[in-house]
Amino acid sequence: MKEITASMAGTVWQVLVSEGDEVTAGQTVVILESMKMEIPVEAAEAGNVESIKFASGDFVNEGDVLVTLK
């Protein structure tokens with residue numbers, strides 16, 4: 001299982017994928033908002049979205065797992 005983690009603390013602004021979606025390496029899967037900036041979070045590897053751990057509006061800490069891929 002591959003994990004996509006938050007690069008910094010912030011609020012989940014948008015989740016751009018759904019469970020079952022296929023993603024490619026470098027694809028933006030989540031956008032975080034921190035200090036009025038939008039921070040894209042990209043998949044490091046290709047895979048299928050197994051689960052999404054947070055919803056829009058949720059606060060996350062740096063290193064929290066946002067999405068798991070299989």
Should F54 and M8 be regarded as members of a common hydrophobic cluster, given that ILVMFWY residues are connected when their side-chain heavy atoms come within less than 4.5 Å of each other, either directly or indirectly?
yes
For T68, give me all partners under side-chain hydrogen bond (donor to acceptor under 3.5 Å, both in side chains), at least two apart in sequence or on another chain.
S51
Note: K70 and E50 closest approach over all heavy atoms is CD-OE2, 3.8 Å
Note, L69 side chain near V49 side chain (heavy atom, < 4.5 Å):
yes
Within the 4.5 Å heavy-atom criterion, are L32 and T11 side-chain neighbours or not?
no
Side chain to side chain contact (heavy atoms under 4.5 Å, CB included) with Q14: which residues, sequence neighbours excluded?
L16, I31
What's the shortest heavy-atom distance between A43 and V23, and which atoms?
CB-CG2, 4.2 Å
Taking all heavy atoms of S34 and all of A9, pick out the closest pair and write down the distance.
OG-O, 3.2 Å
Once side chain to side chain contact (heavy atoms under 4.5 Å, CB included) is applied, do any residues pair with E45, and if so which ones, sequence neighbours excluded?
K2
Does the side chain of I4 come within less than 4.5 Å of V30's, by heavy atoms?
no
Sorted by first residue and then second, give each side-chain hydrogen bond (donor to acceptor under 3.5 Å, both in side chains) pair with at least one member in residues 57-66; sequence neighbours left out.
none
Please tabulate, one pair per line, all N/O donor-acceptor pairs under 3.5 Å involving side-chain atoms of residues 35-42, not counting sequence neighbours.
none

Evaluate the side-chain proximity of E3 to V65: yes if any heavy-atom separation is below 4.5 Å, no if none is.
yes
Quick check: closest heavy atoms across I52 and S18, and the distance to 0.1 Å?
CD1-CA, 3.8 Å
If every non-hydrogen atom of A44 is compared with every non-hydrogen atom of A25, which pair is closest and at what distance?
O-CB, 3.6 Å
